[in-house]
Amino acid sequence: METILRVLRQEPIIAYFSMEIALTDSIPTYSGGLGVLAGDTLRSAADLLLPFVAVTLLSRKGYFRQELTPDGWQIEHPVEWQVEDILTPLPITVEVEIEKRPVKVGTWIHILTSITGGVVPVIFLDTNRPENAPEDRGITDFLYGGDRRYRLKQEIVLGIGGVRVLKALGFEVRKYHINEGHAALITVELLRQEKDFNLEAVRSRCVFTTHTPVEAGHDKFPQDLVHEVLGEPIPAPLLRKLGGEDYLNMTLLALNLSGYVNGVAKRHSEVSRNMFPGYTIHSITNGVHGFTWTSESFRNIFDRYIPGWAHEPGLLVRADIIPDEKIWEAHQREKAKLLQFVREKTGMEMDNDTLTIGFARRMTSYKRPHFVFTDLERLRKVKRKGNIQLIFAGKAHPQDFEGKKLIQEIIHQSRELRSEIKIAFLENYNLEIAKKMVAGVDVWLNTPMRPLEASGTSGMKAAHNGVVNFSVLDGWWIEGHLEGVTGWSIGPETEDGKTPQQIFEEESDDFYHKLEYIILPLYYGRIDWWIKLMKNSVSKIASYFNSHRMMRRYISEAYFHQIILNNHH
Ligand SMILES: *Cc1c(COP(=O)(O)O)cnc(C)c1O
């Protein structure tokens, strides 16, 4: 440990800050896509031997463990994990001020190691210390729990506490990478340390990645709350100038104080530029960590036919050289594993030769998890052309009542259709279940309301396993989709001049139509053609939508790039 930290002190590092990071299921400090992206970022950083350190919150009680009642209602349980058994304590504490009280922040470390010999230390911040007032000890308990006040306290610990911890550890930081607005208070701490509040000096050290395509999704705090909880680390008028008058808007703050800003897909960057006119917002489309998200069966065939693929995922463009039967055997093996898992968890017997559709992600309105059930008569008509079965998974945020109702709707619909279409819901979606699902289904479905899917990444995971995407044209899919080649779109190409209702009707019509007349006939009648689509998913999607390509772009464009002055407002 000491050696690792000593080596990292020898050169300026990239410090990556994220409210959640998905490393393994035994460290349950993540909720979904954002955390998985952070985890994949660090896995690639380690593989590529980058001088990198990550900072996050301990989230001692995790996000939550999901259980469904017999009636399909989600119940949340705290996740008990033995921090002491999994992480190593560091002898470093720093202090931050919250509501004018000093709050001690302790540190734990996990060293992410790569097969290449690369390492990335991940530092977890913890306020559960005897010196702290009882209410402050719980600040780092629940990921995305509590109210606005609780969230602001967490963001003080992450942004301000995190910068102080890196300093106490003796790191020289080349760039602070603010992964989503939650960590934007980094900028306030850096500004506080600057003589004369030199904005340029802070901008030259900060990189900001925004992930939110809607105004309402941005983290905002009323100024009186900010005054009470944060106080005045920098003069209040200056903070208002940088972060907003009525509310402290964390996205705005990060935009104003970062020398490089990007969205996570081309479309998302456009949407962000429209939301924040006048700012230069670049685009680096997300990717997933190929080795992590490729199943054992596919790793084996890639190793044999495309050696070196894990380090240079671009080589997957050659997937066509893999014999058809190898692809099919590998897929059927992963499918059998998934269906066995479904059997164990739900008692449902699914069939290995039936077209299986997967849908798993956060259960929330804009993702429209109930889209399949829009027109049950048409769904029945589809099913008369050829059998289908569906597997769902996903958690709703504890305060997202609509999201919980959608889960319940899936459960109710699956009962309604029980004698015709098998539909399983896997409880407590996590990394392990995601790995099984993205490898074991035949078709990966995504039905977001446009343009609300900033990127989405699960379809990229599916493509690494030859699973074919069937999705609304939003987020990354706009860049990955070639109709009938890498999968299929759902709905029109652009929204231009159409009402939301028209778009919805086109989408649902397209969905049932393609399922009935293209997807089912291909799957049951033209397996050679289907396997071609599977190979295309690898050669045309996995070869590009991976986090090694993404990191190489962050390195050359965000971390090691001249600061273009007047690149900001
Ligand atoms: C990949 C992943 C997500 C994100 O899925 P999207 O379809 O991109 O929203 C969420 N949760 C888990 C556990 C994942 O592995």
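Indexing begins at 1, ligand by ligand and atom by atom, following the structure's order. Numbers here simply count residues along the sequence, with the first being 1.
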> Determine the sole option in E453, E495, E479, E493 for which the salt bridge (charged side-chain N to carboxylate O under 4.0 Å, His left out) test with R267 is passed.
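The residue from E453, E495, E479, E493 that satisfies salt bridge (charged side-chain N to carboxylate O under 4.0 Å, His left out) with R267 turns out to be E495.
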
> Taking atom NZ as the centre, does K535 end up with more than 12 heavy-atom neighbours from other residues, nucleotides or ligands that are less than 6.0 angstrom away?
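Yes, NZ of K535 has more than 12 neighbouring heavy atoms, counting only those of other groups under 6.0 Å.
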
> Starting from atom 11 (N) of ligand 1, locate the nearest protein heavy atom and write down its residue, its atom name and how far away it is, to 0.1 Å.
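For this ligand atom, the closest protein heavy atom is Y429 CE2, 3.4 Å.
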
> Please name the pair of heavy atoms, one in I541 and one in A463, separated by the smallest distance, quoted to 0.1 Å.
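Closest pair (atom of I541, atom of A463, distance): CG2-CB, 3.4 Å.
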
> So, for R450 and D474, which heavy atoms are closest and what is the spacing to 0.1 Å?
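Looks like CA-OD2, 3.4 Å.
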
> Heavy atoms only: which of K395, E432, R361, K461 is nearest to atom 14 (C) of ligand 1?
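Comparing heavy atoms across K395, E432, R361, K461, the nearest one to atom 14 (C) of ligand 1 lies in K461.
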
> I want to know if ligand 1 touches E453 in the polar sense, i.e. an N/O pair below 3.5 angstrom.
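Between E453 and ligand 1 (N or O atoms, distance only) the closest approach is not under 3.5 Å.
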
> So if I count the atoms of ligand 1 from 1 in the order they appear, which ones are less than 4.0 Å from some heavy atom of G456?
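Listed by number with element, the hits are 8 (O).
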
> Residue-level breakdown please: for N430 versus ligand 1, do any non-hydrogen atoms fall below 4.0 Å on the side chain, on the backbone, on both, or on neither?
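Answer for N430: backbone.
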
> Is the positively charged end of R361 above the ring of Y429, judged by distance under 6.0 angstrom from the centroid and angle within 45° of the axis?
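Output no; distance or angle outside limits.
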
> For residues L431 and Y30, report the shortest heavy-atom separation together with the two atoms involved.
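Closest approach of L431 to Y30: N-OH, 3.1 Å.
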
> Can you tell me which residue and heavy atom of the protein come closest to atom 9 (O) of ligand 1, and the distance to 0.1 Å?
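The closest one turns out to be K367 NZ, 2.7 Å.
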
> What's the shortest distance from atom 10 (C) of ligand 1 to any protein heavy atom, and which residue and atom give it?
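Going atom by atom, the protein heavy atom closest to atom 10 (C) of ligand 1 ends up being G33 N, 3.5 Å.
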
> Tell me the protein heavy atom at minimum distance from atom 6 (P) of ligand 1, and give that distance in Å.
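So the nearest neighbour among protein heavy atoms is S458 OG, 3.6 Å.
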
> Can you pull out the closest protein heavy atom to atom 8 (O) of ligand 1? Residue, atom name and distance to 0.1 Å, please.
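The closest heavy atom on the protein side is T457 N, 2.6 Å.
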
> Between F276 and R273, is there a cation-pi geometry (under 6.0 Å to ring centre, at most 45° from the normal)?
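Judged by the rule, R273 and F276 form no cation-pi pair.
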
> For ligand 1, does V36 get within less than 4.0 Å through its side chain, its backbone, both, or neither, judged by non-hydrogen atoms?
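Answer for V36: side chain.
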
> For ligand 1, which is the ligand I care about here, please tell me if W293 has any N or O atom under 3.5 Å from one of the ligand's N or O atoms.
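Among all N and O atoms of W293, none is under 3.5 Å from an N or O of ligand 1.
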
> Give a yes/no verdict on a cation-pi contact between K461 and W293, requiring under 6.0 Å between NZ or CZ and the six-membered ring centre and an angle within 45° of the axis.
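Judged by the rule (NZ or CZ under 6.0 Å from the ring centre, within 45° of its axis), K461 counts as positioned above W293.
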
> With atoms numbered from 1 as shown, which atoms in ligand 1 lie under 4.0 angstrom from a non-hydrogen atom of A434?
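Those qualifying, in numeric order: 15 (O).
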
